[in-house]
Novice: 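Dumping the structure here so I can ask a few things about it.
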Amino acid sequence: KNQVEQSPQSLIILEGKNCTLQCNYTVSPFSNLRWYKQDTGRGPVSLTIMTFSENTKSNGRYTATLDADTKQSSLHITASQLSDSASYICVVGRGDMRFGAGTRLTVKP
Amino acid sequence: DSGVTQTPKHLITATGQRVTLRCSPRSGDLSVYWYQQSLDQGLQFLIQYYNGEERAKGNILERFSAQQFPDLHSELNLSSLELGDSALYFCASSVVAGATDTQYFGPGTRLTVL
């Protein structure tokens, strides 16, 4: 079983709408949690990085939250744009990093 | 453009062969990471180097090896290639090796093993 589970697997929303992606992890010990955006065939781009003491971190229209007690994180995207269409990957750990399978987001006009 | 360069962009080879992938980190970055992304296994961390020394190791096969040179560029060597090694190989770099350092990914090398 993967130590980092993301949901939903895929999501389609209309341009301008908000959405929330989920990441649940069992990785221990916890060091940090990262969210990446990856366009098809390109390298991932870092969105946010959080340590266990941080509850929320924003990067423009992207806001990540972390609940270290329940081992859950979410990535909220506000006022979606067509360019937000990509895969969003949750990564937990330092050193031996564990990757989620990603959520494929499609934003339609 | 992240500032991380990887060569070659594409590589097609046969089973049993050996290949070398090259990565040049962003100017000033001391840490280099290698990742493998395949369709069935997603992104996996392979290995990290910091200033020429191995810092962390992930799911790297014994057939694979890497090193970071004094000029900080890194090479990933893949030998005795198998069909299952076909994947995108990414290199990333960061300033140091801190827990919250931003990693900047290169464009990747697409390896096809026939």
Side-chain angles (χ1 to χ4, degrees), chain A residues 1-7 9-10 21 23 25 27-60 62 64 66 68 73 86-104, chain B residues 1-7 9-10 21 23-26 29 31-50 53-60 86-112:
Chain A
K1 187 178 191 303
N2 195 356
Q3 293 178 293
V4 180
E5 299 284 347
Q6 290 188 244
S7 61
Q9 191 173 8
S10 62
L21 315 180
C23 174
Y25 63 92
V27 177
S28 183
F30 177 83
S31 171
N32 60 61
L33 186 146
R34 301 168 184 253
W35 282 96
Y36 286 95
K37 176 187 177 186
Q38 185 178 24
D39 293 316
T40 303
R42 306 192 69 171
V45 174
S46 181
L47 296 176
T48 62
I49 306 169
M50 289 185 292
T51 63
F52 73 92
S53 61
E54 296 176 288
N55 299 118
T56 186
K57 183 73 72 79
S58 291
N59 179 0
Y62 301 100
L66 173 64
S73 176
S87 288
Y88 291 83
I89 302 170
C90 174
V91 185
V92 181
R94 176 189 182 186
D96 189 11
M97 288 166 270
R98 302 300 172 125
F99 288 75
T103 292
R104 177 71 203 172
Chain B
D1 184 0
S2 67
V4 178
T5 60
Q6 291 186 246
T7 57
K9 286 187 178 180
H10 302 278
L21 312 184
C23 168
S24 293
R26 293 187 324 149
D29 284 0
S31 200
V32 169
Y33 309 76
W34 285 98
Y35 298 90
Q36 178 193 58
Q37 187 171 35
S38 59
L39 283 176
D40 59 343
Q41 295 211 14
L43 259 171
Q44 290 192 90
F45 166 67
L46 296 179
I47 196 164
Q48 176 197 358
Y49 280 84
Y50 173 70
E53 300 290 326
E54 182 183 304
R55 175 60 69 98
K57 190 176 269 193
N59 295 321
I60 187 165
S86 295
L88 259 174
Y89 290 85
F90 289 107
C91 165
S93 72
S94 64
V95 176
V96 285
T100 55
D101 285 350
T102 297
Q103 293 182 29
Y104 296 88
F105 281 73
T109 292
R110 182 173 294 280
L111 173 66
T112 302

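In what follows, chains carry the letters A, B, and so on, assigned in the order in which the sequence lines appear, proteins first and then strands, with residues in each chain numbered from 1.
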Novice: For B/T100 and A/I49, which heavy atoms make the closest approach, and how far apart are they?
Specialist: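 In terms of heavy atoms, the two residues are closest at O-CD1, 3.4 Å.
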Novice: Select, from B/Q103, B/Q48, B/Q44, the one with the greatest count of heavy-atom pairs under 4.5 Å involving chain A.
Specialist: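 It is B/Q103.
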Novice: Which atom names give the shortest non-hydrogen contact between A/S46 and B/T102, and what distance separates them?
Specialist: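 Here A/S46 and B/T102 meet closest at CB-CG2, 3.8 Å.
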Novice: What closest approach, in Å, do A/M97 and B/F45 show between heavy atoms, and which atom pair accounts for it?
Specialist: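 Answer, listing the atom of A/M97 first, then B/F45: CE-CD1, 3.5 Å.
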Novice: For the residue pair B/F90 and A/R42, establish whether any side-chain heavy-atom pair is separated by less than 4.5 Å.
Specialist: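 They are not in contact (no side-chain heavy atoms under 4.5 Å apart), so the answer is no.
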Novice: What part of B/Y104 gets within 4.5 angstrom of chain A, counting heavy atoms only: side chain, backbone, both, or neither?
Specialist: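 B/Y104 has no heavy atom closer than 4.5 Å to chain A.
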Novice: Pick one of side chain, backbone, both or neither for B/Q6, based on which atoms fall under 4.5 Å of a heavy atom in chain A.
Specialist: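 For B/Q6, neither part sits under 4.5 Å from chain A.
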Novice: State whether the number of non-hydrogen atoms from other residues, nucleotides or ligands found under 6.0 Å of B/R110 atom CZ is greater than 12.
Specialist: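 Check fails, neighbour count at 12 or below.
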Novice: Evaluate the criterion side chain to side chain contact (heavy atoms under 4.5 Å, CB included) for residue pair B/F105 and A/Q38; output intermediate values, then yes/no.
Specialist: CA-CA 10 Å; B/F105 281 73; A/Q38 185 178 24; over 6 Å; no
